**Student:** 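One structure follows; several queries about it will come next.
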Amino acid sequence: MTKDVMVTISGFHTAEDDEDTIEMVHVGQYYERNGTHYILYEERMEGMTEPIRNRIKIRERRMELQKRGPVTANMVFEEQKSQSSTYAIPYGSFLMETYTTKVGIQAEEESFLATASYELHVNGVRCASCDIRVLVQPRKTFRL
């Protein structure tokens with residue numbers, strides 16, 4: 001697949017009787033090296049001039065999301081494991097813990113899809129059951 005891509009990130013969250021879906025599309029870069037897939041993209045938050053630089057690193061049964069800039073985080077999703085990290089935003093920070101049940105990868109010639117299912121705890125309190133979906137497609141053939 002080409003290096004210049006569109007990255008679609010979809011998040012699905014279920015908390016008690018409430019369901020929420022978030023989807024974002026970003027221009028990014030994709031490459032694969034030694035069986036590990038890398039996705040790089042920037043996102044802008046309202047009211048901030050500096051972008052958040054994101055790197056997603058994916059290999060079999062493991063996905064890692066690293067954020068740098070006005071928001072910092074290093075979230076790891078690895079099957080059947082709990083991971084803790086600090087999620088820092090300009091207004092403060094909080095402790096996030098994830099217990100990942102499944103990580104999936106589908107690599108094709110013209111697309112790459114990674115998924116993860118996990119339980120989310122914030123500051124020790126269970127918040128939601130979550131699914132994340134990262135779809136990478138060549139920029140020149142991308143369609144919404």
Side-chain angles (χ1 to χ4, degrees), residues 1-108 111-139 142-144:
M1 183 169 27
T2 181
K3 181 180 175 181
D4 295 319
V5 296
M6 298 300 289
V7 182
T8 304
I9 300 178
S10 306
F12 311 95
H13 311 278
T14 304
E16 297 181 18
D17 294 333
D18 189 32
E19 292 184 8
D20 190 26
T21 301
I22 299 170
E23 188 168 83
M24 300 175 289
V25 179
H26 302 283
V27 174
Q29 297 178 339
Y30 166 85
Y31 63 96
E32 186 266 333
R33 184 176 297 143
N34 297 326
T36 301
H37 304 268
Y38 296 88
I39 303 159
L40 309 170
Y41 64 94
E42 290 185 349
E43 65 181 301
R44 301 237 176 229
M45 286 185 69
E46 190 173 322
M48 294 185 193
T49 56
E50 183 184 353
I52 301 164
R53 296 175 312 283
N54 296 279
R55 181 191 75 182
I56 301 175
K57 182 178 172 182
I58 305 164
R59 62 179 182 260
E60 192 173 335
R61 293 191 294 275
R62 182 181 167 98
M63 181 186 323
E64 181 179 341
L65 169 62
Q66 183 180 70
K67 293 181 167 289
R68 295 292 177 257
V71 173
T72 59
N74 190 35
M75 298 174 68
V76 177
F77 305 97
E78 188 168 8
E79 283 189 5
Q80 306 307 312
K81 291 191 177 181
S82 291
Q83 302 283 342
S84 295
S85 66
T86 300
Y87 198 99
I89 60 175
Y91 313 106
S93 62
F94 47 93
L95 179 65
M96 289 182 57
E97 183 176 9
T98 58
Y99 175 74
T100 305
T101 55
K102 185 162 179 61
V103 175
I105 299 172
Q106 290 179 334
E108 297 180 13
S111 68
F112 177 81
L113 175 65
T115 58
S117 297
Y118 60 97
E119 294 289 320
L120 175 64
H121 295 251
V122 176
N123 291 332
V125 177
R126 184 190 177 281
C127 291
S129 294
C130 307
D131 291 289
I132 187 170
R133 179 178 176 260
V134 180
L135 177 62
V136 179
Q137 299 169 292
R139 190 171 175 186
F142 176 76
R143 300 279 185 265
L144 277 178

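All values reported here derive from a predicted model rather than from experimental measurement. Just so it is clear, the values below take in all heavy atoms, side chains as well, and ignore hydrogens, waters and symmetry mates.
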**Student:** Got I105 and I58 here, is their nearest side-chain heavy-atom distance under 4.5 Å?
**Tutor:** yes
**Student:** Would you mind reporting whether T86 and M96 have side-chain heavy atoms less than 4.5 Å apart?
**Tutor:**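 Side-chain contact under 4.5 Å: no.
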**Student:** For Q137 and F142, indicate whether the former's side chain and the latter's backbone hold a donor-acceptor pair under 3.5 Å.
**Tutor:** no
**Student:** Could you walk me through whether T115 and V103 pass side-chain contact (heavy atoms from CB on, under 4.5 Å), step by step?
**Tutor:** CA-CA 6 Å; T115 58; V103 175; over 6 Å; no
**Student:** Return the CG to OG1 distance between L135 and T8, rounded to the nearest 0.5 Å.
**Tutor:**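 That separation rounds to 5.0 Å.
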**Student:** So with a 6.0 Å cut-off around CD of E60, is the heavy-atom count from everything else above 12?
**Tutor:**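 Not more than 12 within 6.0 Å, no.
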**Student:** Evaluate the criterion side-chain contact (heavy atoms from CB on, under 4.5 Å) for residue pair L120 and V122; output intermediate values, then yes/no.
**Tutor:** CA-CA 7 Å; L120 175 64; V122 176; 4.2 Å; yes
**Student:** Tell me whether R55 at atom CZ has more than 12 heavy atoms from other residues, nucleotides or ligands lying less than 6.0 Å away.
**Tutor:** yes
**Student:** Would Q29 and Y38 count as having a side-chain donor-acceptor pair, cut-off 3.5 Å?
**Tutor:**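 On atom types as modelled, these side chains do not qualify, holding no pair under 3.5 Å.
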**Student:** Using a strict threshold of under 4.0 Å (side-chain N to carboxylate O), is an ion pair present between E43 and K67?
**Tutor:** yes
**Student:** Are M48 and P90 side-chain neighbours, meaning at least one heavy-atom pair lies under 4.5 Å?
**Tutor:** yes
**Student:** Between OG of S84 and CG of L95, what distance do you get to the nearest 0.5 Å?
**Tutor:**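 Those atoms lie 5.0 Å apart.
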**Student:** Do you know which two heavy atoms are closest between A128 and A15, and how far apart they sit?
**Tutor:**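 Heavy-atom minimum between the residues: CB-CB, 4.1 Å.
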**Student:** Would you say S117 and D131 are linked by a side-chain donor-acceptor pair, where the criterion is simply a distance under 3.5 Å?
**Tutor:**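 The criterion, which ignores hydrogens and geometry beyond distance, is satisfied for S117 and D131.
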**Student:** What distance separates S85 OG from F94 CZ, expressed to the nearest 0.5 Å?
**Tutor:**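 It comes to 9.0 Å.
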**Student:** Please give me the minimum heavy-atom distance between E50 and P70, naming the atom from each residue.
**Tutor:**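 Distance-wise, the nearest heavy atoms are O-CG, 3.4 Å.
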**Student:** Compare every heavy atom of G35 with every heavy atom of R59, then report the nearest pair and how far apart it is.
**Tutor:** CB-O, 4.0 Å
**Student:** Set out, in order, the CA-CA distance, both residues' side-chain angles and the distance that settles side-chain contact (heavy atoms from CB on, under 4.5 Å) for E79 and K102, then state yes or no.
**Tutor:** CA-CA 5 Å; E79 283 189 5; K102 185 162 179 61; 4.0 Å; yes
**Student:** Is any side-chain heavy atom of V136 closer than 4.5 Å to one of M6?
**Tutor:**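 A side-chain contact under 4.5 Å is absent here.
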**Student:** For Q83 and T98, does a side-chain donor sit closer than 3.5 Å to a side-chain acceptor?
**Tutor:** no
**Student:** To the nearest 0.5 Å, what is the distance between CG on L40 and CG on N54?
**Tutor:** 9.0 Å
**Student:** Side chains of I132 and Y118: closer than 4.5 Å at any heavy-atom pair?
**Tutor:**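 They are in side-chain contact.
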**Student:** Can you pull out every salt bridge (Lys or Arg N to Asp or Glu O under 4.0 Å) where at least one residue sits in residues 68-78? Sequence neighbours excluded, please.
**Tutor:**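 Sorted pair list: R62-E78, E78-K81.
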**Student:** Give me the atom names and distance for the closest heavy-atom approach of Y41 to G28.
**Tutor:**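 So the minimum-distance heavy-atom pair works out to CB-CA, 4.1 Å.
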**Student:** What's the verdict on side-chain contact (heavy atoms from CB on, under 4.5 Å) for R139 and V27, showing C-alpha distance, side-chain angles and the deciding distance?
**Tutor:** CA-CA 8 Å; R139 190 171 175 186; V27 174; 3.6 Å; yes
**Student:** Mind checking the NE2-CD1 spacing from H26 to I52? Nearest 0.5 Å is all I need.
**Tutor:** 9.0 Å
**Student:** Is the Y30 ring parallel, tilted or perpendicular to the F112 ring (thresholds 30°, 60°)?
**Tutor:** tilted
**Student:** Taking atom CD as the centre, does E19 end up with more than 12 heavy-atom neighbours from other residues, nucleotides or ligands that are less than 6.0 angstrom away?
**Tutor:**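 Count not over threshold, so no.
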**Student:** Could you tell me whether the side chain of V71 reaches within less than 4.5 Å of the side chain of Y87, counting heavy atoms only?
**Tutor:**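 Answer yes - side chains close enough.
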**Student:** Enter the distance from T21:OG1 to E23:CD here, rounded to the nearest 0.5 Å.
**Tutor:**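 The OG1 atom of T21 sits 9.0 Å away from the CD atom of E23.
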**Student:** Between S129 and E119, which heavy-atom pair has the shortest distance, and what is it?
**Tutor:**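 In this case the closest contact between S129 and E119 is OG-OE2, 2.8 Å.
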**Student:** For residues A88 and S93, report the shortest heavy-atom separation together with the two atoms involved.
**Tutor:**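 Closest approach of A88 to S93, heavy atoms only: CA-CB, 3.8 Å.
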